[in-house]
Visitor: 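First the structure, then my questions, so here it is.
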Amino acid sequence: MFRFIIRRSLGAFVILLLISAFTFFMFFAIPQDPALLACGKNCGPEALELIHKNMGLDKPVPEQYFEFMKGIVAGRDFSVGHCDAPCFGISFDDQRNVWDTIIDRLPLTVSLTVGGLVVFLAIGIGAGMIAARKKGTLTDKSVSSLSLVFSSMQIYFLGPIMLGLLVYSTGWMDSPKYVPISEDPIGWAVGLLIPWFVMALIFTAQYTRMSRSTLIEQMQEDHVRTAKAKGMSKRYVFYRYAWRGSLTPIVTILGIDLGSLLGGAIVTEQTFSLAGLGQLVIDSTNNKDLPMTMGVMLISAAFILLLNIIVDVVYGFIDPRVRLA
Amino acid sequence: MWTRFKRDRTGVISACVVIAFFAIAALAPVISALYGKDPYTQYGLEQEGLLDPFGLPAGANGGISVDFWFGVEPTLGRDVFILLVYGMRTSLFTALAVAVPMVVTGIIIGLVGGYMGGKVDYWLGRLTDFMMALPSQLTLIATMPVVVAVFVSPNEETPTYIRTCAIIIVLWVLGWMSMARLVRSQVLTLREREFVEAAKVAGMPPWRIVRKELLPNLFTPILVQATYMLPSAILSIAFLSFVGVGYVEPTPSWGRMFVTAAENYEANPTFMFFPGIAMVIFVVAFNLLGDSVRDAFDPKSGR
């Protein structure tokens, strides 16, 4: 187990290095001066000069990359001041330390992603279980077709509708907002409830379908039949034998979905005007703020890779046949 | 296979719906001429009484009337029906232009990797893995301005056709991997089959083996995968436009309509439903069509 985590972390580290190189050289491979991008439409030579100095743009690109990567580990000195250890550079836009801005925004995106994940796993697996137990009935069919419709909806369509239903016309809830979990856990959950559900409904469908079909498959397995024949209660057989076996493929698609989950979080933030990493990356690309984009890319890639490792570890717990060494 | 597809009622209906969508997109100028409006004129600003002083449609239900079937757009005051028709045209055509190179690239990389094996396969596999490890939507957002900047200097306005090109390039480069994986795995199994070996022994040149022996057998999985790729391309284009790096006003597009709709939802909920429902119908129809095509080609895979 320990060795597995170490090995996966090393692999993730290599991927992060590659992503950083890809992002960095992509930005600098374009034929224009990156400072010009940052400078915008009314750019004076002094402003250009300042950005050049801030970025250290006078050096060759590989050296700049090296400086950048060194900055993440050891910190970096800019003409405008020192930048502490995890240094992702200084924003072109507001001259703030990129890392500080990211740290401000990260908790919201993490809350959205992880919360949404929990909600859609619960709804998806739950609905799949109901559909599988009542296979062939009206309940089964309506669960399946509802999940198809919801999966074809988009967050930016469903989101305003939910807002309209729950906030504007009935006033049952307040508009979604983010309260740090350390300050007020209940306010945190209530504030993000609508975004979680909107995000979850989009993703639920394939989990419902998957858990339904694997559960039905599992119910026909030999070990389940044996358990039934032994006279175990139906419920015990269902939960302890069939259900547990049906989780493996769900975890597999969960691992694949993690990347698009982050994409879902970006749209959700935009739909509900929540200021998280998604808005940060949209703003920074619209403002051509390269260090910020770079920082957000790396941090979110790291976050996704971390979730991936967690999913793989969970996989080993659920299915002992998967050896983690 | 065709007869099997015809017997599948869901499949036929969804195929009709999909064809209808493409017909509407292709015939958009005709529809515009018959309907007597175009997607750029700001009727709400030209005609008195269509928009109230806050820029919201004055009539009930988003200003739906005999003249404006789906109502009037808030703020800019364009006609919603024709805006939706042209928005679909933009999205569907861009998606087609994305899907074709995406599918072709996927096939080529998968074929080369699977058929050649060895080092080539290893490195193509690593490339695919790496591209898949990128957080996809985030990378889309981050690369869009870079690709645009390759074509236009930041001091100039970006013309629409360059935005379109940028969207196509970005989605293409970041979207071929699933097809490549699929083709590679299929080629790996096909390569060991007797008829391919027979062709090799008979001295067929590799290119001819690929063309005459492998590709015909790959047709089905490629087609099925492509029917899943097209709607996801449409959703990605809408996603880019929604977050503000794809199409921008005044180009009519699905994604932009959702932005306007979300901004005005509290005061004018009607506007959201036309692009929203159209998109739900389209995506549902396309997914059902994909399932039906798969079932028709491969009767063993039950739903």
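Below, chain A is the first sequence line, B the second, and so on; all start at residue 1. These values consider heavy atoms only, across backbone and side chains, with no hydrogens, waters or symmetry-generated copies. Since this is a predicted model, take the numbers as computed values, not measurements.
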Visitor: Select one option (side chain, backbone, both, neither) describing which atoms of B/Phe130 are under 4.5 Å from chain A's heavy atoms.
Guide: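 For B/Phe130, the contact with chain A is made by the side chain alone.
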
Visitor: Rounded to the nearest 0.5 Å, how far apart are OG1 of B/Thr139 and CZ of A/Phe22?
Guide: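 It is 7.0 Å, given to the nearest 0.5 Å.
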
Visitor: At a heavy-atom distance under 4.5 Å, which candidate from A/Ile161, A/Leu258, A/Leu261, A/Ile155 has the highest pair count against chain B?
Guide: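 Highest number of heavy-atom pairs under 4.5 Å: A/Ile161.
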
Visitor: If you round to the nearest 0.5 Å, how far is CG of B/Leu134 from CD1 of A/Ile304?
Guide: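 Atom-to-atom, A/Ile304:CD1 and B/Leu134:CG are 11.5 Å apart.
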
Visitor: Between A/Gly263 and B/Phe239, what is the shortest heavy-atom contact and its length?
Guide: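 Minimum heavy-atom separation between A/Gly263 and B/Phe239: O-CE1, 4.1 Å.
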
Visitor: Distance check, rounded to the nearest 0.5 Å: A/Gln154 atom CD versus B/Leu235 atom CG?
Guide: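 The CD atom of A/Gln154 sits 4.5 Å away from the CG atom of B/Leu235.
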
Visitor: Could you state the interatomic distance from CD (A/Gln270) to CD1 (B/Ile141), rounded to the nearest 0.5 Å?
Guide: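 Reported value, rounded in 0.5 Å steps: 8.0 Å.
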
Visitor: Could you tell me whether the side chain of B/Phe242 reaches within less than 4.5 Å of the side chain of A/Thr271, counting heavy atoms only?
Guide: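 A side-chain contact under 4.5 Å exists here.
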
Visitor: Below 4.5 Å from any heavy atom of chain B, which atoms of A/Ser260 appear? Answer side chain, backbone, both or neither.
Guide: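 The answer is both parts of A/Ser260.
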
Visitor: What part of B/Ile281 is in contact with chain A, defined as an atom under 4.5 angstrom from a non-hydrogen atom: side chain, backbone, both or neither?
Guide: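 Contact with chain A involves no heavy atom of B/Ile281 at all.
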
Visitor: Using heavy-atom distances under 4.5 Å, tell me whether A/Leu158 contacts chain B through its side chain, its backbone, both, or neither.
Guide: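 For A/Leu158, there is no contact with chain B at all, as no heavy atom is under 4.5 Å.
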
Visitor: Please examine the side chains of A/Leu262 and B/Gln137, heavy atoms only from C-beta on, and report whether any two atoms are closer than 4.5 Å.
Guide: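 Counting from C-beta outward, B/Gln137 and A/Leu262 never come under 4.5 Å.
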
Visitor: Where does B/Ala261 contact chain A at under 4.5 Å (heavy atoms): side chain, backbone, both or neither?
Guide: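 B/Ala261 has no heavy atom closer than 4.5 Å to chain A.
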
Visitor: For A/Ile266, is it the side chain, the backbone, both or neither that has a heavy atom under 4.5 Å from a heavy atom of chain B?
Guide: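 Just its side chain gets close to chain B.
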
Visitor: Side-chain contact test, heavy atoms from C-beta onward, threshold under 4.5 Å: evaluate it for B/Met279 versus A/Phe157 and give yes or no.
Guide: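 No, too far: nothing below the 4.5 Å cut-off.
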
Visitor: Only pairs of heavy atoms separated by less than 4.5 Å count here; which of A/Val296, A/Leu18, A/Val14 has the most with chain B?
Guide: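 Between A/Val296, A/Leu18, A/Val14, the count favours A/Leu18.
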
